[in-house]
Amino acid sequence: MARAGLTPERLTRAGAELADEVGFEQVTVSALARRFDVKVASLYSHLKSSHDLRTRIALLALEELADRAADALAGRAGREALAAFANAYRDYAREHPGRYDAARFRLDPETAAASAGVRHARMTRAILRGYDLAEPDETHAVRLLGSVFHGYVSLEAAGGFSHSAPDSEQSWSRIVDALDALLRNWPAPAPAP
């Protein structure tokens, strides 16, 4: 019999909190059972496996991050939209490091297609419409922005920028400026050899 009050939603939220505390990779059904002081078997009426739990946390994180980014983007365009979008990701990663890692969890294609990840892509493309990029350059720019934002946030979280001047805030602002300048002056493709 399932313990009163335990639901997949409550377990997912508790798993997300645990991810922020101990790291996403440490989140398992066993760790969650310890948190609730219940037997592991009692959670299997709500969760299929640790993979299922991680998938649920990833979906929650993607949804939270999409909501935050959408709020940040409202009424903005150009560099202002780019900075708001970038800051939404960076702030979320700082506040919820485990959930941010969960948002990078590899989902199967069907789950990914039904996730808030689609909203992230749409928002990125909406920002890029202001830079008037045609395909395939728009896709290249989506990948560039994702790589820069995630790479910077990951390096910063690991302490990679804490040992030298200027501080990471200044670098972050200059990087957003550089991305804005690049997007406004996107290079033409190199001629075929």
Side-chain angles (χ1 to χ4, degrees), residues 13 16-17 19-21 23-25 57-107 111-190:
R13 290 224 171 261
E17 291 168 11
D20 287 339
E21 293 167 19
F24 180 61
E25 290 303 315
I57 295 167
L59 294 172
L60 172 67
L62 286 167
E63 191 72 35
E64 289 176 343
L65 189 48
D67 289 345
R68 182 177 286 205
D71 288 345
L73 282 172
R76 292 184 164 91
R79 190 213 178 275
E80 189 180 341
L82 180 65
F85 191 68
N87 289 334
Y89 275 81
R90 186 174 181 225
D91 292 346
Y92 186 81
R94 287 173 159 179
E95 293 168 29
H96 300 291
R99 293 178 205 207
Y100 180 78
D101 287 345
R104 305 288 163 249
F105 187 63
R106 185 179 203 111
L107 301 172
T111 303
S115 78
V118 175
R119 286 177 57 205
H120 293 261
R122 274 195 234 125
M123 284 185 278
T124 306
R125 289 181 184 278
I127 292 166
L128 292 172
R129 276 196 291 278
Y131 292 98
D132 199 29
L133 297 177
E135 283 299 345
D137 289 327
E138 184 178 285
T139 297
H140 297 318
V142 167
R143 292 172 180 169
L144 171 70
L145 294 179
S147 299
V148 171
F149 298 159
H150 178 64
Y152 194 92
V153 165
S154 297
L155 289 169
E156 185 177 47
F161 306 132
S162 61
H163 307 297
S164 62
D167 71 18
S168 64
E169 288 299 323
Q170 290 177 316
S171 293
W172 180 253
S173 180
R174 294 297 291 147
I175 287 168
V176 172
D177 288 341
L179 288 170
D180 175 61
L182 171 64
L183 292 169
R184 281 186 283 110
N185 299 288
W186 193 262

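Remark: Ser115 engages Leu59, Leu62, Leu107 in a side chain to side chain contact (heavy atoms under 4.5 Å, CB included) (not counting sequence neighbours). Residues passing the side chain to side chain contact (heavy atoms under 4.5 Å, CB included) test with Val118, sequence neighbours excluded: Arg122. Residues satisfying the salt bridge (charged side-chain N to carboxylate O under 4.0 Å, His left out) criterion with Asp180, sequence neighbours excluded, are Arg184. Every ring-ring contact (aromatic ring centres under 6.0 Å, His included) that Phe161 has, sequence neighbours left out, goes to Tyr152. Under the salt bridge (charged side-chain N to carboxylate O under 4.0 Å, His left out) criterion, Asp91 pairs with no residue at all, not counting sequence neighbours. Partners of Glu156 under the side chain to side chain donor-acceptor pair (under 3.5 Å) rule, at least two apart in sequence or in another chain, are Arg90, Arg94, Ser168. Checked against side chain to side chain contact (heavy atoms under 4.5 Å, CB included), Asp20 has the following partners two or more places apart in sequence or in another chain: His96, Pro97, Arg99. The side chain to side chain donor-acceptor pair (under 3.5 Å) check on Glu80 picks up Arg76, with sequence neighbours excluded. Partners of Tyr89 according to the side chain to side chain donor-acceptor pair (under 3.5 Å) rule, which considers only residues two or more places apart in sequence or in another chain, are His120. The ring-ring contact (aromatic ring centres under 6.0 Å, His included) check on His150 picks up Tyr100, with sequence neighbours excluded. Annotation: side chain to side chain donor-acceptor pair (under 3.5 Å) contacts of Arg13 (sequence neighbours excluded): Glu64. Qualifying side chain to side chain contact (heavy atoms under 4.5 Å, CB included) partners for Val142, counting only residues two or more places apart in sequence or in other chains: Thr124, Arg125, Leu128.
Between Tyr92 and Val153, every side-chain heavy-atom pair lies at or beyond the 4.5 Å cut-off. A heavy-atom distance below 4.5 Å is found between the side chains of Asp67 and Arg119. The side-chain heavy atoms of Phe85 and Leu145, taken from C-beta on, include no pair separated by under 4.5 Å.
Between Ala84 and Ala72, the shortest heavy-atom distance links the atoms CB-O, 3.4 Å. Of all heavy-atom pairs spanning Ala88 and Leu65, the tightest one is O-CD1, 3.9 Å. The shortest non-hydrogen separation linking Thr139 to Glu135 is OG1-OE1, 2.8 Å. Scanning all heavy atoms of the two residues, the minimum distance from Ala116 to Glu63 falls at CB-OE1, 3.5 Å.
Salt bridge present: Asp177 and Arg174 bring a charged side-chain N and a carboxylate O closer than 4.0 Å.
One distance of note links CG of Leu133 with CD1 of Ile127; it measures 12.0 Å at 0.5 Å rounding. Between the CZ atom in Arg106 and the OG1 atom in Thr111 there is a gap of 12.5 Å [rounded to 0.5 Å]. Going from atom OG of Ser173 over to atom CG of Asn87 covers 8.5 Å, rounded to the nearest 0.5 Å.
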Full working for side chain to side chain contact (heavy atoms under 4.5 Å, CB included) between Leu179 and Phe149: CA-CA 11 Å; Leu179 288 170; Phe149 298 159; 3.7 Å; yes
Derivation and outcome, side chain to side chain contact (heavy atoms under 4.5 Å, CB included), residues Phe105 and Phe24: CA-CA 9 Å; Phe105 187 63; Phe24 180 61; 3.6 Å; yes
